Amino acid sequence: MTRILLVEDDPMIAEIYQKKFLSSGFEVDVAATATEVFQKVQEKGYDLMLLDLVLPEMNGIEILRKLKNDTQLRDPNLKVLIFSNLNDQENQEKALELGAIGFIEKSMYNPAELVEEVQRILHESSEREKNAERRMETSFGEQRSEASLKKRILFIEDEEVFREMFGGKLRDEGYEVDVVSNGMAGAQMALEGNYDLVITDMMIPGLRGDEVVQQIRATERVKDVPILVISASATDDEIEHVKSLGIQEFYLKTSITPTILFEKVQGVFAEGDHTGGSTE
């Protein structure tokens, strides 16, 4: 059973969400202050913390920082998901830097939708961990398998149909593809992982696609990783803006097929284009 610590100082809101998670099969504790958070984390192990940013004693960012830096509180198995209406880019970037796996805006989800989103994020996180374990097992073998030599692609897309269409095609063609539906979590994966290519949608929860691109291009270790951007719709100004950030190509979803995307990916790898410059 997944164990959740819900950090929320409004007792009515906390009770509503706690009941919904309990009825969906989760084990849920509630904390209203930083003192309660640290006490409960030390006493009990949790799989996930849903952390508001506006709290008594310490704000959510300060709590995240202490959880990361205090050796008595640090738990590598604890995932932290920000659950707040303070969704400005500065807070999102700080939360990512401190290890949050995503950012959920309170006003965008009713209790049932929140449970579904948390289940989706936990599932994606579990799949990434399994992939990482398989890669580690392979790397320590006497010979690296063919799979370990595949190009690794990060695909940031929140619509299931496109994840299946595009991600499925790339996997069928032999690429190793990690999929994530939240821009904030995707940016963190891109900065921490060893990906050969990032493909991101423009309109995704957490961070927009252009914000993901900006974070990648501003980080020295990954600044030259090729990036493709796709979108269901975009103005000419939006397209020019994201191209100016140094991507390989921008595609409207209405004008690209899985085969065209695959061919573009092949071209990027064939060219060895890791300069971060536009192909325009």
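The structure presented is a predicted model; accordingly, all values stated were derived computationally and were not measured.
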task = Could you check Asp210 against Leu245 for side chain to side chain contact (heavy atoms under 4.5 Å, CB included), going step by step and ending with a plain yes or no?
result = CA-CA 8 Å; Asp210 55 337; Leu245 299 176; 4.0 Å; yes
task = Take Leu122 and Glu117 through the side chain to side chain contact (heavy atoms under 4.5 Å, CB included) test and state the conclusion after the steps.
result = CA-CA 9 Å; Leu122 287 174; Glu117 181 68 5; over 6 Å; no
task = Take Lys169 and Thr259 through the test side chain to side chain contact (heavy atoms under 4.5 Å, CB included) and record every step on the way to the result.
result = CA-CA 7 Å; Lys169 173 65 174 177; Thr259 298; 4.0 Å; yes
message = The test is side chain to side chain contact (heavy atoms under 4.5 Å, CB included); show your working for Val198 and Ile156 and say whether it passes.
response = CA-CA 8 Å; Val198 174; Ile156 309 172; 4.2 Å; yes
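Between Glu238 and Lys243 there is no salt bridge, since no side-chain N of the basic residue sits under 4.0 Å from a carboxylate O of the acidic one. In summary, Lys40 and Glu36 do not engage in a salt bridge, as defined by a charged side-chain N under 4.0 Å from a carboxylate O. A salt bridge is defined here as a Lys NZ or Arg NE, NH1 or NH2 lying under 4.0 Å from an Asp or Glu carboxylate O, and Glu157 with Lys253 meets this definition. Under 4.0 Å is where a charged nitrogen must lie from a carboxylate oxygen, and between Arg152 and Glu176 at least one such pair does. Salt-bridge check for Glu97 with Lys94: failed, with every basic side-chain N at 4.0 Å or more from each acidic carboxylate O.
In this structure, Val213 is a member of the same hydrophobic cluster as Leu252, with clusters built from ILVMFWY side-chain heavy atoms closer than 4.5 Å. Cluster annotation: Val265 is connected to Ile256 through the hydrophobic network of ILVMFWY side chains, with a link wherever side-chain heavy atoms come within less than 4.5 Å. Hydrophobic clustering (ILVMFWY, side-chain heavy atoms < 4.5 Å, transitive): Val161 and Val177 are in one cluster. At a threshold of 4.5 Å between side-chain heavy atoms, the hydrophobic network of Ile, Leu, Val, Met, Phe, Trp and Tyr places Ile16 and Leu22 in two separate groups. At a threshold of 4.5 Å between side-chain heavy atoms, the hydrophobic network of Ile, Leu, Val, Met, Phe, Trp and Tyr places Leu78 and Leu53 in one connected group.
Side chains of Ile227 and Val229 form a contact here, defined as non-hydrogen atoms less than 4.5 Å apart. Looking only at side-chain heavy atoms (C-beta outward), Lys44 and Glu27 come within less than 4.5 Å of each other. Looking only at side-chain heavy atoms (C-beta outward), Phe38 and Ile63 come within less than 4.5 Å of each other. Taking the side chain as every heavy atom from C-beta outward, Phe83 and Glu105 never approach each other to under 4.5 Å. In this structure the side chain of Tyr109 never reaches within 4.5 angstrom of the side chain of Val115, judged on heavy atoms. In this structure the side chain of Phe262 reaches within 4.5 angstrom of the side chain of Leu170, judged on heavy atoms. Here the side chains of Leu261 and Ile199 are in contact, with some heavy-atom distance below 4.5 Å. Contact annotation: the side chain of Leu64 approaches that of Leu51 to within less than 4.5 Å [non-hydrogen atoms, C-beta and beyond].
Using a distance-only test at 3.5 Å, with no hydrogens or angles considered, no donor-acceptor pair links the side chain of Gln215 to the main chain of Val212. Between the side chain of Ser231 and the backbone N or O of Ser233 there is at least one donor-acceptor pair closer than 3.5 Å. Listed for the Asn85 side chain is a donor-acceptor partner under 3.5 Å among the backbone atoms of Ser107. Looking at Asp47, its side chain does come within 3.5 Å of a backbone N or O of Arg3 through a donor-acceptor pair. Formation of a donor-acceptor pair under 3.5 Å by the Asn110 side chain with backbone atoms of Glu113 is found in this model.
When all heavy atoms of Ile61 and Leu98 are compared, the closest pair comes out as O-CD1, 3.6 Å. Closest heavy-atom contact between Ala100 and Ile82: CB-CG1, 4.0 Å. Of all the heavy atoms in Tyr17 and Lys106, the pair that sits closest is OH-O, 4.5 Å. The shortest non-hydrogen separation linking Arg217 to Val222 is NH1-O, 4.3 Å. Nearest heavy atoms, Leu191 versus Ile216: CD2-CA, 3.9 Å. Across every non-hydrogen atom of Leu6 and Gln18, the tightest pair is CD2-N, 4.1 Å.
Of the listed residues (Glu173, Met165, Glu164), just one forms a side chain to side chain contact (heavy atoms under 4.5 Å, CB included) with Pro258, and that residue is Met165.
Of the inter-residue distances, the one linking Ile101 atom CD1 with Asn182 atom CG reads 8.5 Å to the nearest 0.5 angstrom. Going from atom OG1 of Thr33 over to atom CG of Asp9 covers 9.5 Å, rounded to the nearest 0.5 Å. Met184 contributes atom CE, which lies 12.5 Å from atom CD1 of Ile204 (distance to the nearest 0.5 angstrom). Separating the CG atom in Leu5 from the CG atom in Leu50 is a distance of 8.5 Å, to the nearest 0.5 Å. Atom-to-atom distance recorded for Gln188:CD and Leu207:CG is 11.0 Å, nearest 0.5 angstrom. Atoms CD1 and CZ, from Ile153 and Phe166 in turn, are 13.0 Å apart once rounded to the nearest 0.5 Å.
Neither side chain, Asn77 nor Tyr46, offers a donor N or O lying under 3.5 Å from an acceptor on the other.
By the 6.0 Å contact criterion, CD on Glu43 is enclosed, its count of non-hydrogen atoms from other residues, nucleotides or ligands being greater than 12. Heavy atoms from other residues, nucleotides or ligands lying under 6.0 Å from CG of Asn69 number more than 12.
Cation-pi check for Lys151 over Tyr175 is not met; the charged atom does not lie both under 6.0 angstrom from the ring centroid and within 45 degrees of its normal.
Residue pairs meeting the salt bridge (charged side-chain N to carboxylate O under 4.0 Å, His left out) criterion with at least one partner in residues 54-66, sequence neighbours excluded, are Lys66-Asp70.
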